[in-house]
*Asks:* 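So that we are looking at the same thing, I have put the structure below in structure tokens.
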Amino acid sequence: MTSTTVETAAEIRPFHVDVPDEELDDLRRRVAATRWPEKETVGDQSQGVQLATIQALARYWGSDYDFRRFEARLNAFPQFITEIDGLDIHFIHVKSAHENALPLIITHGWPGSVLELLETIGPLTDPTAHGGEAEDAFDVVIPSMPGYGFSSQPTDVGWDSGRIAAAWADLMDRLGYTRYVAQGGDQGAGVTDAMGRQAPDGLLGVHFNFLDAVPRELLMAALNLRLAFSADDRAQLGKVVGIVMRGYIAEMGEHPQTIGYSLLDSPIGLAAWMLDHDADSYEKISRAFLDGEPSGGLTRDTVLDNITLYWLTSTGASTSRLYWETGRAATASLKDPPPHVTLPVAYTVFPDELFQAPRHWVRHAYHNLVYYNEAPKGGHFAAWEEPEIFSQEMRAAFASLRNGRSS
Amino acid sequence: MSTTVESTTEIRPFRADIPEEKIDDLRRRIAAARWPSKELVEDRSQGVQLATLQELARYWANEYDFGRVEERLNALPQFTTEIDGVEIHFIHAKSAHENALPLIMTHGWPGSVIELLEAIGPLTDPTAHGRTAEDAFDLVLPSLPGYGFSGEPTELGWNVGRIAQAWAELMRRVGYTRYVAQGGDVGASVTDQMGRQAPEGLLGIHTNLLVTGLAGGEHPSDTEEEKAALAALATFRASGFGYFLEQATRPQTIGYALLDSPVALAAWMLDHDTDAYYKIFSAFVDGQPSGNLTRDHILDNVTLYWLTGTGASAARSYWENGQAQARAAAAGQAPPEASLPVGFTQFPGEIFLAPRSWVEQGYPNLTYFNKAERGGHFAAWEEPELFSTEVRAAFRSLR
């Protein structure tokens, strides 16, 4: 009986997205029935998402946008569900046709989802069709974090990045991978950082495009900027402190349930909250809607695919809870610091990211830094905005860890 | 040209008149609410609990009388007048007693004039509430710009300092030459500013939130009481500050949900401070209101925000104050001292219990300090009799 249970729980079931028409009709109705506030009293984004931007989004969402897009995009890839640690985990699993492809687990962030990573699947699994070599190939595993997309929502506390990291190691093990690498930005960087610290069997190294582990002594020093730092350090620390002062982080970190009511009941409330992540991506998305000039892959359609996924899976509150968990875990780690990362670490700085972590910060956080590079283009949603550049970074970052190439 | 001046300083009677369609739409939206999964904890530590909000929604849609807001407001003399380019709505309740002291009281967020209505009787008609005619006040209760039936500013700069100036103009226009001012929450900030600007005719102020304590800086921290106040402030900043930061930095973003979803608006407004939240929780879930914080009174206030569509504009008032504070900090400006007499009452459920030493630090000319036995952040709303007693005592020496 026990073994049956274990077998059932470890089962990997194929998954297909299938959204009922009624849910799409309800969403369309709600977008059309939006009750709008007055225009902001400034001429820029300094009071938040601007009325003209969100009304352009609503217009496109309610008229020309194809609500079945995100479903078709996901269903174009092999998707699966498996239960880990009591939760159903949804993931995309695409194997390369090339032998000796390196298995790679990529973790999305907030307000993202697996959708932000879809355009990297081609370049990563099929490099020869994208200007790479067969030796650059990856097998790609892209899970939805607990409470996100089609993964189930935790019903008890404790699903912080450490627990998610442990689940990811289980997932890779269950898929039969014995040597693999991991990658993440945003909240995915937190999960990937935790994987690096846990160093599960088989994990060869990690790559980040966001420095989740800003060295604490730097943060403390940021409170006293008279300390002898370079001008660049001071500028970057100012940006880090700015992140801490963001309202969305405070609200989701403290009272995710309260903002959850907005995110579940109002599609425009949800869209505005998701658009208001950082100044750079907001300006890019705003241009996509107002001027028809998207930045790379951040198009009107892909932005709405992601918002539509959040809406239809009703995950506004459960995704916010991850910040609450992250906050609790951060407080706990002050008393009980996690182990250092000894595995090889690779890092890519994207020029429009929230802050551009200098190499010495990254090396300070991760002593075994084997790769550091500054990408020519891209921001916080690097994989989404610049999938080709992002994929090139993956190839370069992990080249030294592949079979027969590592020392 | 003189015609223009006359018409803009005109004081016009006002009555709330809410079209039935707006109420039908509101009822429909509440009934159609799409709910998140339940929070993962058994207390307020993840925000407004699902059981609280679902019970509020049930009562709101099924039992609440949507005509209440209109009736309660229209039972009082209301007016509007344009000041500094913004239409200001106010209640003006005069006492029948001679020599009543004129008092302008300012509400806060997430409040409105609704939170002050039950104090009108005791303050204007003290003899009906066990007091003497010498305790009477003439009351002016304005709606802050962007709140309730006041207009929404369309230009920048409507911070508490500018509102304080508008209130002085309002009192002048109403014809008062000697008056006092009172406020809690945002109203305490406006009243604090009035105390510092000291317009002609203002005799003194009373507040029930120590804004000079909230502002940061060094405060005495030797006694147990002082240490407890510091700890309470730290707790508030670490666990209930999201709404403040969001409204102070991104009011437009949160504004979309506050305008579009009645349950989002209700949740956002309920999530102010721990004490008030649990009292409201108790009113809805256990049927046990604390004082006057009843289901109906709470929904009157939420309904007013909804029907006036002021979620974003009210949130923007935090942004304006944040901008004003940042400018003052950058310029290294200390605010002028409040030299007028100041009264302060500490209510036990307030976010932090300002010790006398802190109040004296903020207001060297402290003429009245007292600790009330009951009541919290929404003191006038929750305990109107007790609140009125405090206001009478605080201003007695200034009559």
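Residue numbers start from 1 in every chain, and the chains themselves are labelled A, B, ... in the order their sequence lines are given, proteins ahead of strands. The model shown is predicted, which means the values in this text are computed figures rather than measured ones.
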*Asks:* Please report the shortest heavy-atom distance between B:Ser45 and A:Trp324, naming the atom on each side.
*Replies:*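 Of all heavy-atom pairs spanning B:Ser45 and A:Trp324, the closest is O-NE1, 2.9 Å.
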*Asks:* Answer with side chain, backbone, both or neither: which region of B:Arg237 has an atom nearer than 4.5 Å to a non-hydrogen atom of chain A?
*Replies:*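 Backbone only.
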*Asks:* Between the main-chain N or O of B:Trp306 and the side-chain N or O of A:Arg35, is there a donor-acceptor pair closer than 3.5 Å?
*Replies:*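 Yes; at least one donor-acceptor contact below 3.5 Å.
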*Asks:* Is there any residue in residues 260-267 of chain A with a non-hydrogen atom under 4.5 Å from a non-hydrogen atom of chain B, and which ones are they?
*Replies:*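 The stretch touches chain B at A:Gly260, A:Tyr261, A:Ser262, A:Leu264, A:Asp265, A:Ser266, A:Pro267.
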*Asks:* Got a second to check how far A:Glu325's CD is from B:Gln46's CD, nearest 0.5 Å?
*Replies:*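 Result: 7.0 Å between the selected atoms.
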*Asks:* Pick from B:Leu50, B:Asp25, B:Val41: which one has the most heavy-atom pairs with chain A under 4.5 Å?
*Replies:*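 Heavy-atom pair counts peak at B:Leu50.
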*Asks:* I'd like to verify something: which residue of B:Ala266, B:Gly255, B:Pro153, B:Ala267 has the highest number of heavy-atom pairs under 4.5 Å with chain A?
*Replies:*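 It is B:Ala267.
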*Asks:* What's the spacing between B:Glu246 CD and A:Thr258 OG1 if we round to 0.5 Å?
*Replies:*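 Spacing of CD (B:Glu246) from OG1 (A:Thr258) equals 12.5 Å.
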*Asks:* Out of B:Leu270, B:Leu259, B:Leu265, which one racks up the most heavy-atom pairs below 4.5 Å with chain A?
*Replies:*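 Between B:Leu270, B:Leu259, B:Leu265, the count favours B:Leu259.
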*Asks:* Considering only heavy atoms, which portion of A:Trp159 lies under 4.5 Å from any heavy atom of chain B: side chain, backbone, both, or neither?
*Replies:*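 For A:Trp159, no heavy atom lies under 4.5 Å from chain B.
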*Asks:* Can you tell me which residue pairs pass the salt bridge (Lys or Arg N to Asp or Glu O under 4.0 Å) test with a partner in residues 253-268 of chain B, sequence neighbours excluded?
*Replies:*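 Residue pairs with at least one partner in residues 253-268 of chain B: B:Arg29-B:Asp260.
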*Asks:* Would you mind telling me which of B:Ser37, B:Ala238, B:Ala33, B:Ala32 has the largest number of heavy-atom pairs within less than 4.5 Å of chain A?
*Replies:*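 Of the candidates given, the most pairs with chain A belong to B:Ser37.
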*Asks:* Sort out for me which of B:Phe244, B:Tyr243, B:Trp35 touches chain A most, counting heavy-atom pairs under 4.5 Å.
*Replies:*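 Ranked by contacts with chain A, first place is B:Trp35.
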*Asks:* Between A:Lys39, A:Glu251, A:Glu254, A:Met252, which has the largest tally of heavy atom pairs under 4.5 Å with chain B?
*Replies:*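 Ranked by heavy-atom pairs under 4.5 Å with chain B, first place is A:Glu254.
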*Asks:* Contact part of A:Ala271 toward chain B, heavy-atom cut-off under 4.5 Å: side chain, backbone, both or neither?
*Replies:*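 For A:Ala271, neither part sits under 4.5 Å from chain B.
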*Asks:* With chain B, which of A:Arg321, A:Met245, A:Arg30 has the greatest number of heavy-atom pairs at distances under 4.5 Å?
*Replies:*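 The option with the most such pairs is A:Arg321.
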*Asks:* Counting a contact as any heavy-atom pair under 4.5 Å apart, which residues of residues 312-321 of chain B contact chain A?
*Replies:*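 So the qualifying residues are B:Ala312, B:Arg316, B:Trp319.
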*Asks:* Of the backbone (N, CA, C, O) and the side chain (C-beta and beyond), which part of B:Glu39 lies under 4.5 Å from a heavy atom of chain A, both, or neither?
*Replies:*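 Its backbone and side chain both get close to chain A.
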*Asks:* Grab the two heavy atoms, one from B:Asp271 and one from A:His255, that are nearest each other, plus how far apart they are.
*Replies:*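 Answer, listing the atom of B:Asp271 first, then A:His255: OD2-ND1, 2.7 Å.
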*Asks:* Might you point out which heavy atoms bring A:Ala250 and B:Leu245 nearest each other, and give the distance in Å?
*Replies:*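 Closest heavy-atom pair between A:Ala250 and B:Leu245: CB-CD2, 3.8 Å.
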*Asks:* If I measure from the heavy atoms of chain B, does A:Glu38 come under 4.5 Å with its side chain, its backbone, both, or neither?
*Replies:*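 Answer is both: backbone and side chain atoms of A:Glu38 are under 4.5 Å from chain B.
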*Asks:* May I ask you to list the residues in residues 42-51 of chain A that approach chain B closer than 4.5 angstrom, counting heavy atoms only, ordered by number?
*Replies:*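 A:Val42, A:Gln45, A:Ser46, A:Gln47, A:Gly48, A:Val49, A:Gln50, A:Leu51 fall under the 4.5 Å cut-off.
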*Asks:* Relative to chain B, which segment of A:Ile259 carries a heavy atom at a distance below 4.5 Å: side chain, backbone, both, or neither?
*Replies:*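 Looking at A:Ile259, just its side chain touches chain B.
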*Asks:* With side chains defined as the heavy atoms from C-beta onward, is the minimum distance between B:Ile254 and A:Trp273 less than 4.5 Å?
*Replies:*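 When only atoms from C-beta onward are counted, A:Trp273 and B:Ile254 do touch, with a gap below 4.5 Å.
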*Asks:* Could you tell me which non-hydrogen atom of A:Asp276 sits nearest to which non-hydrogen atom of B:Thr253, and how far apart they are?
*Replies:*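 It is OD2-OG1, 2.6 Å.
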*Asks:* Could you verify whether a donor N or O on one side chain and an acceptor N or O on the other, from B:Thr249 and A:Arg246, lie under 3.5 Å apart?
*Replies:*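 Result is no, nothing qualifies.
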